[in-house]
Amino acid sequence: MPHILENLDKSFYMTVLDALNDGVYFVNRKRRVLYWNKGAERLSGFTAEDVLGKSCADHTLNHVDDEGNCLCLQGCPLAACMRDGQSREVDVYMHHKAGHRIPVSIRSFPIRNEVGKITGSVEVFKDNSQHLTMVSEFESLQQEVVTDPLTGVGNRRFADISLDRLQVMQSREYKPYGVIVADIDNFKSINDTWGHGVGDRVIVAIAKTMAAILRPSDIVCRLGGDEFLILLPNASPRGLEIVGNRLDLLIKESWMDLEGEMLSFSVSIGAALSDMGKSAEAVVEQADKQLYLSKAEGRGCFHLDGKKLNASR
């Protein structure tokens, strides 16, 4: 049994820790995973066999913050609490084995031996998803009519319903809304190289990442193929910039393990803010023009008001 677990009764952590809904794992000073509970398997998709003995940064969880920074390379909470003996709490985006990002709240604690020396660390993480809040029009219809069957996000019909609702709200309450359009980069090449089954998995991973990192009031819709529409009620130019950059960075920091080969993916993004003088169709058209700018500048980037707001990684 690994040294840091010597003082723990095996039956205790096998029964009690495995019964928790939260993910729990232990690492040694080299951040090698020594224990991985059933909650960690359920939340991450990685089994104990996938991760035991490996570094927590070895293409498993790879926590990323809101700015797209990989904490396993710099700012790892486990490493920090082993350095100073202080616990940590932070909200991050965890990489799921299926390829998408999910928001989790993590707590890290140092583990000490009988003489007080730090011998490792334990991390506890739980799902921190903010589920899509369905508007009243959605509740009045059969879910399958307005849901994309592949991804579970809204379909084109739901996009049209939601746009009409936001346009009415703007005229009544003078609240602008934001429109973001996104296309998966080089999607035909993914299908040609890996097949349509993998292509579908990429679409699902990106849709789940989008839904996970937005506010409950925001709406994600798949328009068909590799096209997505995101609607942000009560938006601002700064809010659009933050969301567009976050989508760009976090999708780029995701990947899919295909029999040992890593498939990375990205999206090209365009955004526009509504105003009282524009129809919903004109706002979407303006966002589309920004998307074309992103494609023209090499894809994998984000444009708003004719400006490229972040550099490709």
- Message: Quick check against the 3.5 Å criterion: does Arg299 have a side-chain atom that pairs as donor or acceptor with the backbone of Ser266?
- Response: no
- Message: Any non-hydrogen side-chain atom of Asn245 less than 4.5 Å from a side-chain atom of Phe302?
- Response: yes
- Query: side-chain contact (heavy atoms from CB on, under 4.5 Å) with Ile230: which of Val179, Leu247, Val153?
  - Reply: Leu247
- Query: Between Tyr25 and Phe125, what is the ring plane arrangement, given parallel below 30°, perpendicular above 60°, and tilted in between?
  - Reply: perpendicular
- Item | Stepwise side-chain hydrogen bond (donor to acceptor under 3.5 Å, both in side chains) test for Thr47 and Asp50 | CA-CA 5 Å; Thr47 66; Asp50 291 330; 3.2 Å; yes
- Got a donor-acceptor contact below 3.5 angstrom from the Arg222 side chain to the Asp148 backbone? no
- Between Asp160 and Arg156, does a salt bridge (Lys or Arg N to Asp or Glu O under 4.0 Å) hold up when you go through it step by step? CA-CA 6 Å; Asp160 292 339; Arg156 182 179 289 274; 5.7 Å; no
- Message: Tell me if a side-chain donor or acceptor on Asn28 pairs with a main-chain N or O of Lys30 at a distance below 3.5 Å.
- Response: yes
- Query: Taking atom CZ of Phe265 and atom NE2 of His100, what is their separation to the nearest 0.5 Å?
  - Reply: 10.0 Å
- Task: Verify, without hydrogens or angle tests, whether Ser121 (side chain) and Val27 (backbone) share a donor-acceptor contact under 3.5 angstrom.
- Result: no
- Could you tell me whether the side chain of Asn234 and the main chain of Lys175 form a donor-acceptor pair under 3.5 Å? no
- Query: Within the distance-only criterion (no hydrogens, no angle test), does the side chain of Trp36 pair as donor or acceptor with the backbone N or O of Phe46 below 3.5 angstrom?
  - Reply: yes
- Non-hydrogen atoms of Gln170 and Pro176 that approach each other most closely: OE1-CA, 3.7 Å
- Query: When you look at CD of Glu173, are more than 12 heavy atoms from neighbouring residues, nucleotides or ligands closer to it than 6.0 Å?
  - Reply: yes
- Message: For the NZ atom on Lys97, are there more than 12 heavy atoms of other groups (residues, nucleotides or ligands in this structure) within a distance under 6.0 Å?
- Response: yes
- Message: Using side-chain heavy atoms (C-beta onward) and a distance below 4.5 Å, is Arg88 in contact with Ile106?
- Response: no
- Item | Any Ile180 side-chain heavy atom under 4.5 Å of Phe228 side chain | no
- Query: Is there a side-chain contact between Arg42 and Asn21 (heavy atoms, below 4.5 Å)?
  - Reply: yes
- Check: Ser162 side chain, Ala159 main-chain N or O, donor-acceptor pair, under 3.5 Å: no
- Is there a donor-acceptor pair under 3.5 Å between the side chain of Glu241 and the backbone N or O of Ser236? no
- Ser268 backbone acceptor or donor facing Asp185 side chain under 3.5 Å: yes
- Query: Can any side-chain N or O of Glu89 pair as donor or acceptor with the backbone N or O of Ser108 at less than 3.5 Å?
  - Reply: no
